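Below: one structure, written as structure tokens.
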Amino acid sequence: MDVSYILDDLNDAQRDAVTADSTGTLVLAGAGSGKTRVLVHRIAWKIKVEGLSTYSILAVTFTNKAAREMRGRIEALMGGNLNHGMWVGTFHGLAHRLLKAHASEAGLPDNFQILDSDDQFRQLKRIHRELELDDSRWPPRQSQYFINGHKDEGRRAAHIDDFGGDLYLSTMLKVYRRYEEVCRQQGVIDFAELLLRALELWRDNPAILDHYQQRFKHVLVDEFQDTNAVQYAWLRLLSSKGMAMTAVGDDDQSIYGWRGARIENIQQFSKDIANTQIVRLEQNYRSTNNILKAANALIANNSQRLGKELWTEGEDGDKIALFAAFNEQDEARFVTDRIDELLRDDYRRSDIGVLYRSNAQSRVLEEYLVRAGVPYRIYGGQRFYDRLEIKNALAYLRIIALRDDDTAIERVINTPTRGIGNRTVEILREYAREHQLSLWRSAVAVMENGLLTARAGNALRGFLSLIEELAGECQDLPLDEQVSIAIDRSGLIAFHEKEKGEKAQARVENLQELITAARGYSADDDETEPLRAFLDQAALDAGDQQADEHEDSVQLMTLHSAKGLEFPAVFIVGVEENLFPHKMSMDDPERLEEERRLAYVGITRAERKLYLSYAESRRLHGQESFNSLSRFVREIPNELIDEVRINNTVTRPSSYAQSTTSSQQAAASSIGFGLGQRVLHSIFGAGVVISFEGQGASARVQVNFEDEGSKWLVLQYANLQAL
DNA sequence: GGTCACTCTATTTTT
DNA sequence: TAGAGTGACC
């Protein structure tokens with residue numbers, strides 16, 4: 001059999017990774033080094049050369065997008081149906097699949113439903129109300145973090161010690177316990193629970209675990225550095241009998257520590273699995289040499305790396321452009337000007353990515369792009385299935401599928417308004433609590449016992465019969481017709497149609513789009529309940545991001561959402577201390593390193609052109625702030641950087657040890673302070689040098705004091721002390 | 001039940 | 001600065 005197509009066109013390292021026959025294979029895949037390729041080719045190798053069946057392969061990713069891409073590429077490489085029987089999906093998707101197959105062993109009802117973060121939040125709000133917690137002292141958001149954080153680490157309420165009644169812990173635990181109870185009653189599980197249950201399912205049912213251990217001969221994990229404790233434990237359990245595992249990841253691109261990702265897992269891998277081979281993919285096919293040199297130099301400042309250095313056979317390319325803007329407006333002008341220039345230079349708009357640390361930074365950029373008439377698209381943002389109108393429509397469908405879904409009932413019992421006020425709902429909640437019933441059952445009971453006033457009773461009866469009628473009409477219809485009937489008969493369409501404002505029309509369109517989505521949705525062949533499958537998918541998949549995806553447009557996004565993407569030209573704006581690295585992350589060395597990795601991710605998105613910019617003064621949240629140039633820029637060797645403009649007060653600060661190139665830097669050293677230098681003043685206290693001018697006796701510095709704000713001082717008299 | 005004015009808060013986000 | 005969330009009021 002000719003299998004050369006699997007190995008041709010691979011470099012040596014990629015080939016090693018594809019053909020490794022160790023039990024554990026850790027592929028440290030640098031940015032742009034062809035990691036998806038390696039994963040896909042390795043699967044082909046296992047099947048075509050080593051003779052594994054497609055049935056015995058499990059491939060796990062984090063996002064649906066990555067799973068789809070992998071599936072598509074496997075099919076493209078190996079042809080059509082070989083993919084059948086192979087498990088390729090996200091951690092959550094696969095966990096869901098497992099739990100559906102073994103619901104009773106997992107302690108779940110057959111028809112359990114998924115609670116997304118928004119539903120979870122609402123649920124917790126309700127619990128806080130029930131437990132009479134003051135929202136300002138105990139924000140539901142905090143409980144959500146607490147619960148998810150612990151679940152991500154594999155801890156249930158029963159596992160957590162309240163240290164003898166510590167107020168914070170015991171309150172959080174009270175909420176956690178009640179939440180677990182409510183979820184159980186309603187038969188719903190949240191995202192973290194999906195993973196935790198799947199882990200417990202295997203841990204507590206050796207026979208089931210054994211079945212999967214027999215079945216899967218090889219598991220491949222993408223973006224391994226992003227796995228959390230539960231995900232890693234799940235993988236370890238599956239592979240505990242010596243099944244082979246390939247983990248692909250990059251410790252330098254771990255940027256999700258704040259949501260439970262454990263960079264340690266990648267370091268632990270070779271210790272946990274006997275006979276591990278580590279393969280480094282360091283040859284980069286994306287960026288110019290200068291860009292890679294900058295990235296390498298930057299990331300070298302992090303400790304505890306597994307170590308990796310990107311290189312390319314390609315050319316040096318342009319230097320990295322650095323622009324010092326007066327303020328955020330000036331910065332936005334710079335970006336639009338350069339974009340214009342690039343467009344004249346035959347770049348397409350979609351070749352350009354503009355990256356920022358936090359979403360709030362996009363506003364000014366948008367203003368300038370609109371003014372310049374440059375179409376743009378903001379990546380990320382709200383997911384299709386998270387939109388209010390869509391969630392409402394789905395809530396009706398959920399109730400049709402399962403009357404006991406309290407979250408769905410709460411959401412739409414009075415949307416569109418039908419005269420069921422807060423008082424009525426409160427009565428239902430009370431009744432439900434007392435009799436341990438779902439809201440739906442409580443409503444039925446309350447009606448039977450005539451516990452409501454005539455008016456409220458009529459309104460509630462209207463809702464109950466609406467749902468029953470809907471359910472009756474939808475029976476056995478194709479999915480899209482069910483959706484269509486639900487949003488029409490519920491009055492949602494009419495409700496949004498008479499709403500005013502620009503949003504209203506978009507909402508109606510989105511509802512129509514939902515019908516289209518249902519039409520295009522094909523459930524698995526063996527799916528007996530397409531509606532449930534569709535609802536599950538809606539919870540687990542973001543859906544298409546934006547409608548106007550096809551227009552050629554400049555791409556705006558946060559650095560986080562840029563991971564995995566690449567652009568011929570990249571702008572990273574706001575490279576300032578306090579913004580990037582963000583001030584919330586600066587005190588903790590580990591979080592600072594994560595910020596640095598984020599910068600590394602940003603830089604390595606660029607293929608040919610990279611522009612960095614910072615603003616001397618920036619208005620954020622209505623407050624003016626003066627930040628100095630990000631330390632991350634100072635960690636890039638001077639010779640790779642091209643200062644775009646030198647104005648008379650600000651230039652790039654010296655990286656102290658490096659040779660000075662501009663006259664300003666010479667001045668800086670003659671003054672004895674560089675930009676960004678922390679200094680102490682006898683009256684004003686501590687501050688940071690943000691600007692300077694003049695020399696000798698007339699030299700003045702601008703210092704941004706922590707308590708006093710920014711001041712110009714004559715250096716000779718200021719008596720500043722370097723800190 | 002809907003509107004208006006006020007307060008509060010602001011890092012990153014997938015499932 | 002702006003958006004979301006809340007509470008008073010009609």
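Excluded from the calculations below are hydrogen atoms, water molecules and symmetry mates; all remaining heavy atoms, backbone and side chain alike, are included. The sequence lines fix the lettering, A, B, ..., with proteins before strands; numbering per chain opens at 1. A quick note: this is a predicted structure, and the numbers were derived from the prediction, not measured.
Straight-line distance from the NZ atom of Lys65(A) to the C1' atom of dT14(B): 12 Å, rounded to whole Å.
A cation-pi contact, defined as under 6.0 Å to the ring centre and within 45° of the axis, links Arg259(A) to Tyr256(A). Arg597(A) forms no cation-pi arrangement with Tyr600(A), by the criterion of a distance under 6.0 Å to the ring centre and an angle within 45° of the ring axis.
Comparing dG5(C) with dT12(B), their C1' atoms sit 23 Å apart, to the nearest whole Å.
With no hydrogens or angles considered, a side-chain donor-acceptor pair links Glu366(A) and Tyr376(A) at under 3.5 Å. A donor-acceptor contact under 3.5 angstrom links the side chains of Ser143(A) and His128(A), judged on distance only. Between the side chains of Gln144(A) and Gln142(A), no donor N or O sits under 3.5 Å from an acceptor N or O.
With respect to the salt-bridge test (charged N to carboxylate O, under 4.0 angstrom), the residues Arg398(A) and Asp119(A) qualify.
For Arg619(A), the listed nucleotide lying nearest its side chain is dT1(C); candidates were dT15(B), dT1(C), dT13(B).
Asn414(A) comes within 4.0 angstrom of sugar-phosphate atoms only, judged by non-hydrogen atoms across all strands, and of no base. Across all strands, Ile420(A) comes closer than 4.0 Å only to sugar-phosphate atoms, never to a base (heavy-atom distances). Asp190(A) comes within 4.0 angstrom of no nucleic acid atom, judged by non-hydrogen atoms across all strands. Backbone-only contact: Asn359(A) has heavy atoms under 4.0 Å from sugar-phosphate atoms and none from a base.
Non-hydrogen atoms lying under 4.0 Å from DNA chain B are contributed by His582(A), Met584(A), Ser585(A), Arg591(A), all within residues 577-606 of chain A.
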